[in-house]
Novice: 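Questions regarding the structure given below will be posed in turn.
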Amino acid sequence: MENVVLIIHLLLALGLIAVVLLQRSEGGGLGMGGGGGGAMSGRAAATAMSKLTWILAVAFIGTSITLTILAAQKSAGSSVADRLSAPAAEGAADAPEAPLGSDLLPPVQRDNAPLVPSAD
């Protein structure tokens, strides 16, 4: 189900891009020409391309919300941290100990160890 909605979502995205690119510039965006619209109003009449843009945009938002709901249901309360911590706890007993042991920790104040690493 999720794959079907995802394919529809991608097709809607491509269709929306194509429809927007095919439309004529009317707003004078970036200082480029286009059209002035109507003489009586600042808004031109809705064309078939603008109606198709609205339909595709509403369908795109609908599939976006549907994909979000499907992903939320699929997660079912688990988090990424839960999934990462479980294998680490199981494999911790088999993991070899660090070759340097606790030498990587900073020295405590009562230690007389030098604060620089040794060359051996």
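FYI, the numbering just counts along the sequence from 1. Predicted model, so just to flag it, every value in this text is computed and none were measured.
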Novice: Please answer: with hydrophobic residues joined when any side-chain heavy atoms are less than 4.5 Å apart, are Met1 and Leu67 in the same cluster?
Specialist: yes
Novice: Which value, rounded to the nearest 0.5 Å, describes the distance between Leu11 atom CG and Leu6 atom CG?
Specialist: 9.5 Å
Novice: Is it true that the side chains of Ser50 and Gln23 contain a donor and an acceptor less than 3.5 Å apart?
Specialist: no
Novice: Out of curiosity, Leu52 CG to Leu22 CG, how far, rounded to the nearest 0.5 Å?
Specialist: 9.5 Å
Novice: Test of understanding: clusters of I, L, V, M, F, W, Y form through side-chain heavy atoms closer than 4.5 Å, transitively. Do Leu56 and Met49 belong to the same one?
Specialist: yes
Novice: Kindly compute the distance separating CG (Asn3) from CD1 (Ile8), expressed to the nearest 0.5 Å.
Specialist: 11.0 Å
Novice: Does a side-chain heavy-atom distance below 4.5 Å link Leu12 with Leu16?
Specialist: no
Novice: If you round to the nearest 0.5 Å, how far is CZ of Phe60 from CG of Leu14?
Specialist: 10.0 Å
Novice: Could you grab the distance from atom CD of Glu2 to atom CD of Gln73, nearest 0.5 Å is fine?
Specialist: 10.0 Å
